[in-house]
Visitor: 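Take this structure, written in structure tokens, and hold onto it; I'll ask about it next.
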2 protein chains.
Amino acid sequence: MTQPSDTSLSRLFDPHSIAIVGASATPGKIGAMPITLLQQHGYGGRIIPVNPRADIIAGLPALPGLDALDDAVDLVILAVPAAHAAQALERARPGQVGAAVVFTSGFSETGADGAAQQERLCIIARERGIRLLGPNCLGFMNVRRNVYATFSPAPANGVVAPGGIGMVSQSGAFGAYAYSMARERGLGLSHWISTGNEADIDVADCIEWLARDADTRVIMAYMEGCRDGAKLRRALAAARMADKPVVVTKIGRTQAGAQAAASHTAALAGDDAVYDALFRQYGALRARTIDEFFNLGYALDTWQRPPQGRRLGIVTISGGVGALMADEAADIGLALPEPAADTQARLLQRVPFASGRNPVDVTGQAVSEPGLLLATADDMLAEGRYDALAVFLAAAGSSEALWPTFEAFAQQMQARHPDVPLAISALFPPARRRELERQGCLVFPDPSAAIRTIGAVAGLGAEPTPCEVDTSPATTAAGALPLLDTYNEVQAMELLREAGLPAMPCVLAVDADAAVRAAAGLDAPCVLKVVSPDITHKSDVGGVKLNVRSESAIRDAHADILASARQHRPDARIDGVLVAPMAPKGVECIAGVHCDPVFGPVVMFGLGGVFVEVLKDVSFRLAPFGREEALAMIREIKGYALLQGARGARPCDIGALADALASLSRFAHARRADFSSVEINPLLALPEGQGAVALDAVVIRDSSRG
Amino acid sequence: MTQPSDTSLSRLFDPHSIAIVGASATPGKIGAMPITLLQQHGYGGRIIPVNPRADIIAGLPALPGLDALDDAVDLVILAVPAAHAAQALERARPGQVGAAVVFTSGFSETGADGAAQQERLCIIARERGIRLLGPNCLGFMNVRRNVYATFSPAPANGVVAPGGIGMVSQSGAFGAYAYSMARERGLGLSHWISTGNEADIDVADCIEWLARDADTRVIMAYMEGCRDGAKLRRALAAARMADKPVVVTKIGRTQAGAQAAASHTAALAGDDAVYDALFRQYGALRARTIDEFFNLGYALDTWQRPPQGRRLGIVTISGGVGALMADEAADIGLALPEPAADTQARLLQRVPFASGRNPVDVTGQAVSEPGLLLATADDMLAEGRYDALAVFLAAAGSSEALWPTFEAFAQQMQARHPDVPLAISALFPPARRRELERQGCLVFPDPSAAIRTIGAVAGLGAEPTPCEVDTSPATTAAGALPLLDTYNEVQAMELLREAGLPAMPCVLAVDADAAVRAAAGLDAPCVLKVVSPDITHKSDVGGVKLNVRSESAIRDAHADILASARQHRPDARIDGVLVAPMAPKGVECIAGVHCDPVFGPVVMFGLGGVFVEVLKDVSFRLAPFGREEALAMIREIKGYALLQGARGARPCDIGALADALASLSRFAHARRADFSSVEINPLLALPEGQGAVALDAVVIRDSSRG
């Protein structure tokens with residue numbers, strides 16, 4: 001089912017001819033709606049109604065079936081009952097049809113019989129080289145080329161403007177709603193696509209195609225699940241490389257939502273934290289609500305380019321609302337640098353009761369003194385201190401008398417500071433709002449929404465970090481250590497060392513003499529631990545002795561450990577006793593890898609103790625990743641301050657921690673065929689300059705291999 | 001300045017006569033605007049222009065000054081420069097004028113000179129029994145009685161409908177914006193008030209007055225700071241007792257916001273966490289954004305009564321958006337109980353591919369089958385399982401053909417289930433939306449906003465918990481322990497015991513013999529600690545010995561402690577050594593009291609260790625409070641799971657913890673004149689049924705008393 005998507009999908013989304021199987025002359029029927037829309041909006045290609053019971057439909061000659069058509073046809077719309085869909089497609093010759101959109105429901109969403117019917121449809125399509133959109137979908141529109149391959153009633157209530165947003169939705173109902181919202185909010189679309197059951201083409205295919213489509217600048221996607229994680233990663237990477245921001249709403253964030261999602265869609269819901277990691281990693285913006293989805297799309301569509309960094313300037317005519325905006329900015333980590341001293345002085349000279357700091361409060365004076373707003377903002381931006389500017393004008397936006405001032409302000413800002421995107425919060429009449437938007441200026445009635453939106457897209461305007469997709473095949477048993485059924489702690493630590501991770505040196509002593517020799521080699525107080533593939537919680541069986549120094553103490557500890565372990569777990573296989581130096585002082589962290597069924601190895605990081613166990617304060621990334629991504633995942637946890645040296649302690653070696661995580665991710669990715677889970681607990685973060693060290697690890701083989 | 005607010009403020013907000021000092025015939029002047037508005041909107045009372053340089057203004061005879069008026073006048077509007085305001089008011093006879101609104105700026109907001117002028121104005125007003133609104137304010141409107149004592153341009157762009165919302169804003173710019181937003185969103189107002197510099201009347205006065213005003217059902221307040229905490233508490237309590245919800249936006253949530261607020265207003269910004277505690281405690285709903293402010297006001301105004309509990313039913317025509325709504329509901333702690341089994345069965349019989357669980361997905365079938373929506377919702381609500389219902393209709397709201405279905409749905413739901421408030425999320429044309437709102441149904445384009453709004457007001461429809469304001473005078477030195485300059489640990493623990501808190505028994509031993517006697521009385525392993533008013537961190541000076549058992553060990557420990565303390569801190573006054581039983585195992589908590597300059601004693605609660613020190617995971621309440629409030633503040637912390645018995649531990653005695661906090665709050669309140677700070681660290685939470693116990697405490701006298 002993996003075909004080169006660019007060419008085959010272009011025949012689908014930009015067709016020169018469209019055949020409608022099940023074409024109807026009855027208005028409102030799903031076989032009539034696309035023909036009506038295509039004719040109404042002046043589709044420039046050929047329209048071919050197919051219906052054995054009619055000669056002419058909508059003024060066009062109708063054919064009895066695809067086999068009656070001599071020419072090739074780019075797109076076939078199937079608007080016939082599920083039982084007839086496969087038959088209809090069967091009548092096409094191999095190579096004749098580029099793609100088919102299947103409107104009708106009654107396939108996999110209805111159970112086993114429907115799934116079988118869907119599978120049959122897929123086989124027929126594949127044999128004939130036909131790409132499939134749907135079934136059980138609302139179809140798609142290519143807004144710029146007037147392709148309306150849909151039976152959604154949404155365009156009947158008014159069409160959206162052509163524009164740079166490519167919109168794709170797994171759900172038809174959401175898609176129709178989103179189309180209507182785009183129209184209400186004045187967003188321009190290039191394409192609107194609903195993917196339905198995704199028998200062949202899924203949301204990822206569409207994202208990848210839109211990333212390559214010249215008409216699309218921004219991609220907005222709604223998804224409920226994903227079956228092919230690698231494809232979604234490729235698609236998001238393609239969008240990032242093409243510098244096209246992706247705004248995505250993925251349902252099922254919470255358990256309640258995931259439960260609801262599972263009852264709704266057959267697609268694997270996946271672990272939501274993994275989706276979160278995926279979107280962060282590939283720079284896609286996840287929107288939690290439909291409002292946020294559209295605010296982000298609106299900003300990315302309206303602005304020539306998103307802000308290049310996170311430094312925000314605020315200008316307000318109300319000090320109080322300025323403070324409200326500062327609250328929001330602080331919440332989402334936007335910086336509010338102060339204007340230059342002379343900028344502040346000039347403002348205070350002009351308006352003594354103004355506030356020259358950021359938020360800059362020009363006071364109500366801006367209403368009676370037309371040039372004040374522009375002069376102040378211009379002055380603020382002169383030195384490149386800000387990446388974006390947010391302006392609050394309160395109710396003054398409704399004033400017709402003040403309109404020329406505001407219009408000139410937006411024009412001049414765009415002309416003089418094209419690199420500093422502008423958002424105005426005020427109540428403008430709709431026509432005025434649209435005029436400002438044409439100047440590239442965002443308008444939000446709610447100032448907090450303006451700030452939140454800026455915060456979400458800030459930095460996207462900078463050069464994108466390359467995010468390659470590592471498609472190298474899994475390597476197996478490449479190291480010195482052969483593949484084993486199970487790994488004891490010493491072997492697990494050896495694997496980590498092979499993987500380039502800093503693992504505490506340790507020796508497996510098979511008897512007391514060996515333990516004494518091992519300890520002598522360390523020349524430091526030791527820790528002794530029982531080593532057994534059957535004992536995970538060593539302390540619970542008296543299997544750990546700390547701070548052992550003398551030879552006699554080592555012999556005692558060795559004997560005690562074996563006795564205690566045998567007493568608690570008589571059946572456990574005991575490989576020996578591990579001898580290692582006592583660990584230095586540091587902050588206990590946990591790093592782990594688990595294998596997500598959709599996305600493969602996922603790396604987890606967190607602090608030990610209550611942070612992981614009570615607060616679930618962990619971050620995730622999909623393997624493999626580099627140092628920068630590892631640093632981001634470390635900074636993401638709530639307890640990060642502890643690593644920075646809270647409570648008077650020295651800061652930890654965060655760089656070494658990041659290197660360890662990156663190494664772990666590369667190992668997990670390369671050896672994904674061999675290992676399904678790794679847990680390093682604790683991974684000790686030492687003071688700055690001293691590195692990090694893994695003290696214990698559990699490695700589990702791919703469970704399917706036993 | 002504290003006068004009985006109800007009668008004097010009624011002359012202000014519902015005046016039978018209004019004199020405008022500085023009346024003008026020039027359109028747009030601040031002395032002309034109120035006259036124009038009053039005449040335009042048919043104000044029923046007497047309008048008296050005052051201006052020595054005119055005989056007739058706006059068709060009305062003008063007087064040269066207030067002294068030329070024989071009659072009493074309820075309200076005087078001062079629209080003259082700051083320098084003339086006091087003079088103008090001086091010409092009024094005592095008792096003649098009820099209240100004055102001072103539009104003009106140039107008072108305390110400009111510095112010391114202005115502050116002096118404002119103080120003079122206050123003195124003159126007080127001498128004559130005149131209440132003051134402003135100065136430096138936009139005035140107010142009584143929308144139902146057509147009183148426009150304002151020069152805000154907002155009403156000129158269209159007036160708001162009369163309704164049940166009383167709106168008060170410290171900031172004029174915010175107020176004008178809020179007025180315009182209320183108009184745009186179709187909210188009905190009873191009053192609109194801007195308080196400006198608050199020389200006399202502040203936001204709290206207005207809340208209290210609106211709480212007693214028969215025209216007002218809901219109060220919306222915007223504040224930047226507060227100088228009189230007790231008054232604000234009284235006002236919020238009055239609103240709660242009157243069953244009138246208060247929605248409040250208070251700026252300065254974050255440090256950036258508080259900084260901006262401080263540069264803007266002279267009012268004490270206060271500690272924002274304390275405001276948060278205040279609003280929670282008095283049941284006021286704090287809105288973080290202007291959108292939220294209006295969503296809450298809209299819901300409380302439109303619904304007859306807010307939901308009585310937190311059980312939400314969701315009906316959707318899109319399973320995916322249903323999941324999105326479930327995500328939001330889970331985030332804010334709304335419960336989603338499932339419908340009865342036969343309700344589910346009936347739906348599935350009718351629509352086999354529907355989902356009968358909550359969110360209930362009736363699928364797109366609801367569009368083609370008009371009765372399905374009503375039948376399903378009706379069935380769901382039949383058994384009283386839900387406190388509110390949220391419905392998502394996607395783009396179907398735009399369909400004229402479907403309007404009768406939706407209209408009938410809203411009507412029938414209101415008629416059959418008047419106690420279950422309804423919110424519909426869909427894109428309706430404005431007129432349709434207003435029609436649904438008239439049926440008492442909320443309409444939100446964004447389904448998540450609908451859920452969030454329901455979550456914020458859910459439970460407000462239940463009987464309000466009484467929240468009394470304790471105005472008893474501070475008691476002083478009521479207990480056995482006399483007031484001391486400083487309190488050592490033993491004395492601090494004694495104070496806690498007096499306050500009714502469970503404090504670990506302890507004895508101050510003045511010598512080794514006394515320590516041995518004290519330990520003998522305990523019959524358990526002991527802890528010994530140095531007691532000195534000069535040593536706070538006892539462990540740091542070797543001043544603590546744990547788990548001491550035998551007599552000789554006690555003597556050794558006693559000697560070691562004194563020697564070590566004297567070595568580390570030769571100048572410290574040493575009162576002796578404390579002997580106490582070793583503490584049982586429990587979860588370490590911290591409880592504290594500090595004195596807020598505006599609100600008095602504030603109690604803090606948190607878990608020990610990283611929770612307080614790294615995560616700042618603490619909750620606050622204003623003293624005094626009872627057990628229920630204490631339980632709420634315990635449940636509020638993020639680490640609450642640890643008290644519930646995370647990590648396999650037994651649950652803690654949370655009730656005992658709550659009792660301890662309530663006792664601490666009553667003590668802190670009653671002895672507020674004596675003590676400025678108490679810290680109990682650790683307050684040990686023992687397993688359920690075993691109580692809680694304070695192990696150490698620091699009490700600090702009111703610093704102003706030395």
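Throughout, protein chains are lettered first and strands after them, A, B, ... in sequence-line order, and every chain is numbered starting at 1. Worth knowing before you read on, the calculation uses all heavy atoms, side chains too, and leaves out hydrogens, waters and symmetry mates. Note that this is a predicted model, so its numbers are computed, not measured.
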Visitor: Of the backbone (N, CA, C, O) and the side chain (C-beta and beyond), which part of B:I290 lies under 4.5 Å from a heavy atom of chain A, both, or neither?
Guide: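 For B:I290, the contact with chain A is made by backbone and side chain together.
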Visitor: Relative to the ring of B:F428, is the ring of B:W403 parallel (under 30°), tilted (30 to 60°) or perpendicular (over 60°)?
Guide: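 Ring orientation of B:W403 relative to B:F428: perpendicular.
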Visitor: Tell me, for A:T363 versus chain B, whether the close heavy atoms (under 4.5 Å) come from the side chain, the backbone, both or neither.
Guide: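 Neither part.
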Visitor: Below 4.5 Å from any heavy atom of chain B, which atoms of A:F611 appear? Answer side chain, backbone, both or neither.
Guide: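 Looking at A:F611, just its side chain touches chain B.
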Visitor: Name the member of A:A395, A:A178, A:G639, A:A173 that forms the most heavy-atom pairs with chain B at distances under 4.5 Å.
Guide: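 Greatest number of close heavy-atom pairs with chain B: A:A395.
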Visitor: Does any backbone or side-chain atom of B:E328 lie under 4.5 Å from a heavy atom of chain A? Answer side chain, backbone, both or neither.
Guide: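 Backbone plus side chain of B:E328, per the 4.5 Å heavy-atom cut-off to chain A.
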Visitor: Taking side chain as everything from C-beta outward and backbone as N, CA, C, O, which of these in A:F353 sits under 4.5 Å from a heavy atom of chain B? Side chain, backbone, both or neither.
Guide: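 For A:F353, the side chain is the part near chain B, not the backbone.
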Visitor: Counting heavy-atom pairs under 4.5 Å with chain B, which one of A:A330, A:G364, A:A641, A:P445 comes out on top?
Guide: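 Top option by heavy-atom pairs under 4.5 Å: A:P445.
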Visitor: Strictly below 4.0 Å, N to O, side chains only: are B:R432 and B:E400 in salt-bridge contact?
Guide: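 Yes, charged N to carboxylate O under 4.0 Å.
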Visitor: Tell me, for A:M181 versus chain B, whether the close heavy atoms (under 4.5 Å) come from the side chain, the backbone, both or neither.
Guide: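 For A:M181, backbone and side chain are both near chain B.
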Visitor: Tell me, for A:Y179 versus chain B, whether the close heavy atoms (under 4.5 Å) come from the side chain, the backbone, both or neither.
Guide: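 When you check distances to chain B, no heavy atom of A:Y179 falls under 4.5 Å.
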Visitor: Give me the atom names and distance for the closest heavy-atom approach of A:V587 to A:L607.
Guide: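 Smallest interatomic distance, heavy atoms only, reads CG1-CD2, 4.0 Å.
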Visitor: Does any backbone or side-chain atom of B:F392 lie under 4.5 Å from a heavy atom of chain A? Answer side chain, backbone, both or neither.
Guide: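 For B:F392, the side chain is the part near chain A, not the backbone.
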Visitor: Does a salt bridge link B:R286 with B:D272, judged by any charged N lying under 4.0 Å from a carboxylate O?
Guide: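 A salt bridge is present here (some side-chain N lies under 4.0 Å from a carboxylate O).
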Visitor: Between B:N157 and chain A, with a heavy-atom cut-off of 4.5 Å, which part of the residue counts as in contact: side chain, backbone, both or neither?
Guide: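 The answer is the side chain of B:N157.
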Visitor: Checking A:L427 against chain B: side chain, backbone, both or neither under 4.5 Å from a heavy atom?
Guide: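 Both the backbone and the side chain of A:L427 come within 4.5 Å of chain B.
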Visitor: Using non-hydrogen atoms only, which part of A:A426 is less than 4.5 Å away from chain B: side chain, backbone, both, or neither?
Guide: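 Only the backbone of A:A426 comes within 4.5 Å of chain B.
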Visitor: Measure B:L324 against the heavy atoms of chain A and call it side chain, backbone, both or neither at under 4.5 Å.
Guide: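 For B:L324, backbone and side chain are both near chain A.
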Visitor: Side chain from CB out, backbone as N, CA, C, O: work out which of these in B:R288 comes under 4.5 Å of a heavy atom of chain A, or both, or neither.
Guide: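 Contact with chain A involves both backbone and side-chain atoms of B:R288.
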Visitor: Given a strict heavy-atom distance threshold of 4.5 Å, which part of B:T249 is in contact with chain A: side chain, backbone, both, or neither?
Guide: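 The side chain, not the backbone.
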